[in-house]
Amino acid sequence: MPELPEVETVRRTLDHLIKGQTIKEVDVIYPNIVKGDLKTFKKTLQNVTIQGIERKGKFLLFDIGDKYLLSHLRMEGKYFIKPLSEPINKHEHIIFYLADGGTLRYHDVRKFGTMELKDKHDVYDTPPLSLLGKEPIEPNFEPMKLYKTLKQKKKAVKTALLDQSIISGLGNIYVDETLFCANIHPEKRTYKITKKEAHTLALCAKNVLKKAVDLGGSSIRSYTDSLGISGRFQNELKVHLKKNEPCETCNRLITKIKVNGRGTYFCKTCQKR
DNA sequence: ATAAACGCCTGGCGGC
DNA sequence: TGCCGCCAGGCGTTTA
(Lines give C-alpha, C1' and ligand atoms only; values in the text may rest on other atoms or scores of the structure.)
Protein backbone atom coordinates (compact mmCIF):
# COMPACT_ATOMS: atom_id res chain seq x y z
CA MET A 1 0.00 0.00 0.00
CA PRO A 2 2.41 2.67 0.99
CA GLU A 3 4.82 4.27 -1.41
CA LEU A 4 7.61 6.71 -0.55
CA PRO A 5 5.34 9.56 0.66
CA GLU A 6 3.29 7.30 2.91
CA VAL A 7 6.40 5.61 4.33
CA GLU A 8 7.98 9.02 4.95
CA THR A 9 4.83 10.15 6.72
CA VAL A 10 4.91 7.06 8.92
CA ARG A 11 8.61 7.63 9.59
CA ARG A 12 8.03 11.20 10.76
CA THR A 13 5.12 10.23 12.96
CA LEU A 14 6.98 7.34 14.58
CA ASP A 15 10.16 9.35 15.00
CA HIS A 16 8.13 11.98 16.79
CA LEU A 17 6.31 9.50 18.99
CA ILE A 18 8.79 6.78 19.96
CA LYS A 19 12.29 8.14 19.47
CA GLY A 20 14.24 7.61 22.67
CA GLN A 21 11.90 4.94 23.94
CA THR A 22 13.14 1.58 25.08
CA ILE A 23 11.72 -1.70 23.86
CA LYS A 24 11.28 -4.06 26.79
CA GLU A 25 10.16 -7.06 24.81
CA VAL A 26 8.76 -8.09 21.44
CA ASP A 27 5.93 -10.51 20.85
CA VAL A 28 5.77 -12.09 17.40
CA ILE A 29 2.29 -13.42 16.79
CA TYR A 30 2.66 -14.18 13.06
CA PRO A 31 6.28 -15.27 12.52
CA ASN A 32 6.35 -15.19 8.70
CA ILE A 33 6.72 -11.41 8.83
CA VAL A 34 10.18 -11.86 10.35
CA LYS A 35 13.09 -12.80 8.12
CA GLY A 36 15.95 -14.65 9.77
CA ASP A 37 15.99 -16.49 13.08
CA LEU A 38 12.99 -15.67 15.25
CA LYS A 39 14.68 -16.25 18.62
CA THR A 40 17.58 -14.02 17.64
CA PHE A 41 15.10 -11.39 16.48
CA LYS A 42 13.28 -11.32 19.81
CA LYS A 43 16.43 -11.48 21.89
CA THR A 44 18.21 -8.73 19.93
CA LEU A 45 15.30 -6.36 20.38
CA GLN A 46 15.10 -6.88 24.11
CA ASN A 47 15.99 -3.75 26.11
CA VAL A 48 17.18 -1.66 23.18
CA THR A 49 16.52 2.05 22.83
CA ILE A 50 15.13 3.44 19.59
CA GLN A 51 17.62 6.15 18.58
CA GLY A 52 15.47 7.30 15.69
CA ILE A 53 13.68 6.14 12.58
CA GLU A 54 15.10 6.56 9.10
CA ARG A 55 13.87 5.67 5.65
CA LYS A 56 15.44 4.37 2.46
CA GLY A 57 13.13 3.89 -0.51
CA LYS A 58 10.04 2.24 0.94
CA PHE A 59 11.94 0.72 3.88
CA LEU A 60 11.73 2.02 7.42
CA LEU A 61 14.95 1.71 9.44
CA PHE A 62 14.58 1.65 13.20
CA ASP A 63 17.95 2.68 14.60
CA ILE A 64 18.61 0.52 17.66
CA GLY A 65 22.31 1.30 18.16
CA ASP A 66 24.61 -1.08 16.34
CA LYS A 67 21.79 -2.55 14.25
CA TYR A 68 18.80 -1.47 12.24
CA LEU A 69 15.42 -3.08 12.27
CA LEU A 70 14.33 -2.91 8.63
CA SER A 71 10.59 -2.85 8.13
CA HIS A 72 8.82 -3.01 4.78
CA LEU A 73 5.08 -2.38 4.82
CA ARG A 74 4.42 -3.91 1.37
CA MET A 75 0.73 -3.56 0.58
CA GLU A 76 -1.04 -2.96 3.87
CA GLY A 77 1.44 -2.66 6.73
CA LYS A 78 0.73 -0.02 9.37
CA TYR A 79 1.97 0.92 12.82
CA PHE A 80 -0.19 1.88 15.74
CA ILE A 81 0.68 3.08 19.20
CA LYS A 82 -1.81 1.83 21.75
CA PRO A 83 -2.05 1.47 25.50
CA LEU A 84 -1.19 -1.90 26.98
CA SER A 85 -4.79 -2.43 28.02
CA GLU A 86 -6.12 -2.36 24.47
CA PRO A 87 -6.94 -5.89 23.24
CA ILE A 88 -4.81 -7.28 20.42
CA ASN A 89 -6.54 -6.78 17.07
CA LYS A 90 -6.66 -9.83 14.78
CA HIS A 91 -4.44 -8.04 12.25
CA GLU A 92 -1.76 -7.03 14.74
CA HIS A 93 1.12 -9.44 14.19
CA ILE A 94 4.07 -8.00 16.07
CA ILE A 95 3.84 -6.17 19.39
CA PHE A 96 6.65 -4.06 20.83
CA TYR A 97 6.25 -3.54 24.57
CA LEU A 98 7.72 -0.16 25.46
CA ALA A 99 9.29 0.89 28.76
CA ASP A 100 6.76 3.69 29.22
CA GLY A 101 3.97 1.14 29.41
CA GLY A 102 2.66 1.68 25.89
CA THR A 103 2.86 -0.63 22.90
CA LEU A 104 3.89 -0.25 19.29
CA ARG A 105 1.90 -2.61 17.08
CA TYR A 106 2.56 -3.77 13.54
CA HIS A 107 -0.75 -4.26 11.77
CA ASP A 108 -0.98 -5.94 8.36
CA VAL A 109 -4.19 -7.38 6.94
CA ARG A 110 -2.52 -9.21 4.08
CA LYS A 111 0.62 -10.21 6.00
CA PHE A 112 2.89 -9.28 3.10
CA GLY A 113 5.14 -7.01 5.14
CA THR A 114 8.62 -7.98 6.34
CA MET A 115 10.99 -7.18 9.19
CA GLU A 116 14.62 -8.07 9.52
CA LEU A 117 17.63 -7.08 11.60
CA LYS A 118 20.71 -5.83 9.82
CA ASP A 119 24.16 -4.78 11.05
CA LYS A 120 24.51 -1.06 10.71
CA HIS A 121 27.99 -0.98 9.25
CA ASP A 122 27.12 -2.58 5.91
CA VAL A 123 23.36 -2.15 5.74
CA TYR A 124 23.58 -0.01 2.61
CA ASP A 125 26.06 -2.36 0.95
CA THR A 126 24.02 -5.52 1.28
CA PRO A 127 20.55 -6.52 0.09
CA PRO A 128 17.87 -5.38 0.26
CA LEU A 129 19.07 -1.76 0.49
CA SER A 130 22.03 -2.25 -1.86
CA LEU A 131 19.56 -3.20 -4.59
CA LEU A 132 17.73 0.12 -4.51
CA GLY A 133 18.20 2.80 -7.12
CA LYS A 134 18.27 6.47 -6.17
CA GLU A 135 15.11 8.27 -5.13
CA PRO A 136 13.91 11.00 -7.49
CA ILE A 137 13.83 13.42 -4.55
CA GLU A 138 17.54 12.95 -3.81
CA PRO A 139 19.57 15.99 -4.85
CA ASN A 140 22.13 13.86 -6.68
CA PHE A 141 19.58 11.92 -8.74
CA GLU A 142 20.95 11.71 -12.29
CA PRO A 143 18.37 11.94 -15.10
CA MET A 144 21.02 10.99 -17.67
CA LYS A 145 21.67 7.77 -15.80
CA LEU A 146 17.93 7.07 -15.87
CA TYR A 147 17.96 7.75 -19.62
CA LYS A 148 20.83 5.31 -20.18
CA THR A 149 19.18 2.60 -18.10
CA LEU A 150 15.87 2.96 -19.93
CA LYS A 151 17.69 2.95 -23.27
CA GLN A 152 18.97 -0.56 -22.75
CA LYS A 153 15.65 -2.10 -21.72
CA LYS A 154 12.57 -2.96 -23.72
CA LYS A 155 9.75 -3.14 -21.24
CA ALA A 156 6.87 -0.74 -20.75
CA VAL A 157 8.09 2.46 -19.14
CA LYS A 158 5.57 2.06 -16.32
CA THR A 159 7.04 -1.34 -15.45
CA ALA A 160 10.55 0.14 -15.44
CA LEU A 161 9.54 2.99 -13.13
CA LEU A 162 8.06 0.47 -10.68
CA ASP A 163 11.39 -1.40 -10.61
CA GLN A 164 12.98 -0.24 -7.35
CA SER A 165 16.47 -1.04 -8.62
CA ILE A 166 16.10 1.54 -11.40
CA ILE A 167 14.47 4.28 -9.35
CA SER A 168 13.19 3.87 -5.80
CA GLY A 169 10.10 5.18 -4.08
CA LEU A 170 7.45 5.04 -6.77
CA GLY A 171 4.54 2.62 -6.57
CA ASN A 172 1.43 2.16 -8.65
CA ILE A 173 -0.26 5.44 -7.71
CA TYR A 174 2.66 7.79 -8.13
CA VAL A 175 3.87 6.09 -11.31
CA ASP A 176 0.52 6.81 -12.96
CA GLU A 177 0.68 10.41 -11.76
CA THR A 178 4.30 10.81 -12.89
CA LEU A 179 3.54 9.50 -16.37
CA PHE A 180 0.55 11.80 -16.69
CA CYS A 181 2.69 14.76 -15.63
CA ALA A 182 5.29 13.80 -18.24
CA ASN A 183 2.69 13.21 -21.01
CA ILE A 184 4.03 9.71 -21.60
CA HIS A 185 1.96 6.61 -22.36
CA PRO A 186 2.50 3.94 -19.66
CA GLU A 187 3.14 1.28 -22.30
CA LYS A 188 5.73 3.26 -24.23
CA ARG A 189 8.81 1.05 -24.59
CA THR A 190 11.75 2.22 -22.50
CA TYR A 191 14.26 2.30 -25.36
CA LYS A 192 12.04 4.85 -27.13
CA ILE A 193 12.25 7.31 -24.24
CA THR A 194 14.25 10.37 -25.32
CA LYS A 195 16.76 12.27 -23.21
CA LYS A 196 14.28 15.07 -22.87
CA GLU A 197 11.55 12.68 -21.74
CA ALA A 198 13.89 11.06 -19.21
CA HIS A 199 14.62 14.49 -17.74
CA THR A 200 10.90 15.27 -17.65
CA LEU A 201 10.19 11.94 -15.96
CA ALA A 202 12.80 12.66 -13.30
CA LEU A 203 11.38 16.12 -12.68
CA CYS A 204 7.77 14.91 -12.60
CA ALA A 205 8.59 12.03 -10.25
CA LYS A 206 10.37 14.46 -7.92
CA ASN A 207 7.55 16.99 -7.97
CA VAL A 208 4.82 14.39 -7.48
CA LEU A 209 6.63 12.72 -4.58
CA LYS A 210 7.56 16.00 -2.90
CA LYS A 211 4.05 17.33 -3.05
CA ALA A 212 2.69 14.03 -1.72
CA VAL A 213 5.19 14.10 1.16
CA ASP A 214 4.13 17.67 1.95
CA LEU A 215 0.50 16.58 2.10
CA GLY A 216 1.19 13.51 4.25
CA GLY A 217 0.71 10.93 1.49
CA SER A 218 -2.51 9.60 -0.01
CA SER A 219 -5.34 7.93 1.84
CA ILE A 220 -7.18 5.73 -0.60
CA ARG A 221 -8.94 2.50 0.12
CA SER A 222 -8.48 2.05 3.84
CA TYR A 223 -5.03 3.52 4.23
CA THR A 224 -4.22 5.74 7.18
CA ASP A 225 -0.88 6.26 8.84
CA SER A 226 0.35 5.34 12.32
CA LEU A 227 -2.17 7.37 14.23
CA GLY A 228 -4.99 6.82 11.83
CA ILE A 229 -4.19 10.23 10.38
CA SER A 230 -5.22 10.61 6.76
CA GLY A 231 -3.01 12.07 4.07
CA ARG A 232 -4.44 14.63 1.68
CA PHE A 233 -2.69 13.89 -1.61
CA GLN A 234 -5.61 11.77 -2.83
CA ASN A 235 -7.31 15.09 -3.60
CA GLU A 236 -4.44 15.93 -5.96
CA LEU A 237 -4.62 12.76 -8.05
CA LYS A 238 -5.07 13.51 -11.75
CA VAL A 239 -5.53 10.02 -13.21
CA HIS A 240 -5.18 7.28 -10.60
CA LEU A 241 -8.63 5.82 -9.79
CA LYS A 242 -10.20 8.37 -12.19
CA LYS A 243 -11.56 5.92 -14.75
CA ASN A 244 -14.27 7.58 -16.90
CA GLU A 245 -13.71 10.96 -15.30
CA PRO A 246 -12.66 13.84 -17.57
CA CYS A 247 -8.97 14.64 -17.93
CA GLU A 248 -8.19 18.00 -16.31
CA THR A 249 -6.21 19.03 -19.35
CA CYS A 250 -8.27 17.91 -22.34
CA ASN A 251 -11.57 16.65 -20.92
CA ARG A 252 -11.24 13.22 -22.51
CA LEU A 253 -12.34 10.43 -20.17
CA ILE A 254 -9.52 8.68 -18.32
CA THR A 255 -8.81 5.13 -19.50
CA LYS A 256 -7.98 2.14 -17.34
CA ILE A 257 -5.87 -0.71 -18.67
CA LYS A 258 -3.58 -3.37 -17.22
CA VAL A 259 0.16 -3.07 -17.56
CA ASN A 260 1.95 -6.16 -16.34
CA GLY A 261 -1.03 -7.05 -14.23
CA ARG A 262 -1.21 -3.65 -12.55
CA GLY A 263 -4.24 -1.40 -12.85
CA THR A 264 -3.11 1.61 -14.88
CA TYR A 265 -4.90 4.92 -15.41
CA PHE A 266 -3.98 7.42 -18.10
CA CYS A 267 -5.29 9.90 -20.67
CA LYS A 268 -5.20 8.60 -24.23
CA THR A 269 -4.99 12.10 -25.66
CA CYS A 270 -2.39 13.65 -23.38
CA GLN A 271 -0.08 10.64 -23.02
CA LYS A 272 1.59 9.49 -26.22
CA ARG A 273 3.60 6.36 -27.03
C1' DA B 1 19.74 -12.40 -19.97
C1' DT B 2 15.42 -10.26 -19.67
C1' DA B 3 10.62 -10.05 -18.98
C1' DA B 4 6.30 -11.83 -17.70
C1' DA B 5 3.62 -14.82 -14.48
C1' DC B 6 3.02 -16.66 -9.95
C1' DG B 7 2.62 -16.70 -4.98
C1' DC B 8 2.14 -14.72 -0.64
C1' DC B 9 -2.67 -13.33 2.28
C1' DT B 10 -7.14 -11.15 3.49
C1' DG B 11 -11.12 -8.34 2.76
C1' DG B 12 -14.22 -5.43 0.03
C1' DC B 13 -16.94 -4.88 -3.91
C1' DG B 14 -20.07 -5.78 -7.80
C1' DG B 15 -22.80 -9.13 -10.21
C1' DC B 16 -25.94 -12.83 -10.16
C1' DT C 1 -28.67 -12.69 1.78
C1' DG C 2 -25.15 -15.65 -0.02
C1' DC C 3 -21.78 -17.13 -3.10
C1' DC C 4 -18.19 -16.13 -6.62
C1' DG C 5 -14.79 -14.01 -9.00
C1' DC C 6 -12.12 -10.06 -9.28
C1' DC C 7 -9.53 -6.40 -7.39
C1' DA C 8 -6.10 -4.14 -4.22
C1' DG C 9 -0.79 1.18 -3.39
C1' DG C 10 4.69 -4.72 -3.44
C1' DC C 11 8.14 -7.59 -4.47
C1' DG C 12 10.91 -12.14 -4.31
C1' DT C 13 10.83 -16.38 -6.82
C1' DT C 14 9.77 -19.19 -10.65
C1' DT C 15 8.86 -19.91 -15.38
C1' DA C 16 9.08 -18.78 -20.36
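All chains are named by letter (A, B, ...) in the order of the sequence lines, taking the proteins before the strands, and each is independently numbered beginning at 1. In this text, all values refer to a predicted model and were calculated from it rather than measured experimentally.
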#### Entry: First of A/K258 and A/L162 reached from the 5' end of DNA chain C, by closest nucleotide
A/K258
### Task
Just call it for A/Y30: base, sugar-phosphate, or nothing, with non-hydrogen atoms closer than 4.0 Å on any strand.
sugar-phosphate
### All stems with DNA chain B, defined as three or more consecutive Watson-Crick or G-U pairs under 3.5 Å
B:2-8 with C:10-16, B:10-16 with C:2-8
### Task
Would you tell me whether A/Y97 and A/Q46 have side-chain atoms, one donor and one acceptor, within less than 3.5 Å of each other?
no
### Query
Are any of A/K90's side-chain N or O atoms less than 4.0 Å away from OP1 or OP2 of B/dG11?
yes
### Task
For the pair A/F62 and A/F96, name the ring-plane relationship: parallel under 30°, tilted 30 to 60°, perpendicular over 60°.
parallel
### Message
It should be assessed whether the SG atoms of A/C181 and A/C204 lie less than 2.5 angstrom apart.
### Response
yes
### Task
Using heavy atoms and a sub-4.0 Å distance, could you list which residues of residues 106-119 of chain A are near DNA chain B? By number, please.
A/V109, A/R110, A/K111, A/F112
#### Entry: Spacing of A/Q164 atom CD relative to C/dG10 atom P, expressed in whole Å
8 Å
### Message
Strictly below 4.0 Å: does A/H72 bring a side-chain N or O up to OP1 or OP2 of C/dG10?
### Response
no
### Task
For A/Y147 and A/E142, test the side chains for any donor-to-acceptor distance below 3.5 angstrom and give the result as yes or no.
no
### Task
Using whole Å, report how far CG of A/L73 lies from C1' of C/dG10.
11 Å
### Summary
The single option from A/L73, A/V26, A/V28 that satisfies side chain to side chain contact (heavy atoms under 4.5 Å, CB included) with A/Y106 is A/L73
### Query
Using a distance-only test with no angle check, is there a side-chain donor-acceptor pair under 3.5 angstrom linking A/T255 and A/K243?
no
### Query
If you look at every strand shown and take non-hydrogen atoms under 4.0 Å, does A/G263 touch a base, only sugar-phosphate, or nothing?
sugar-phosphate
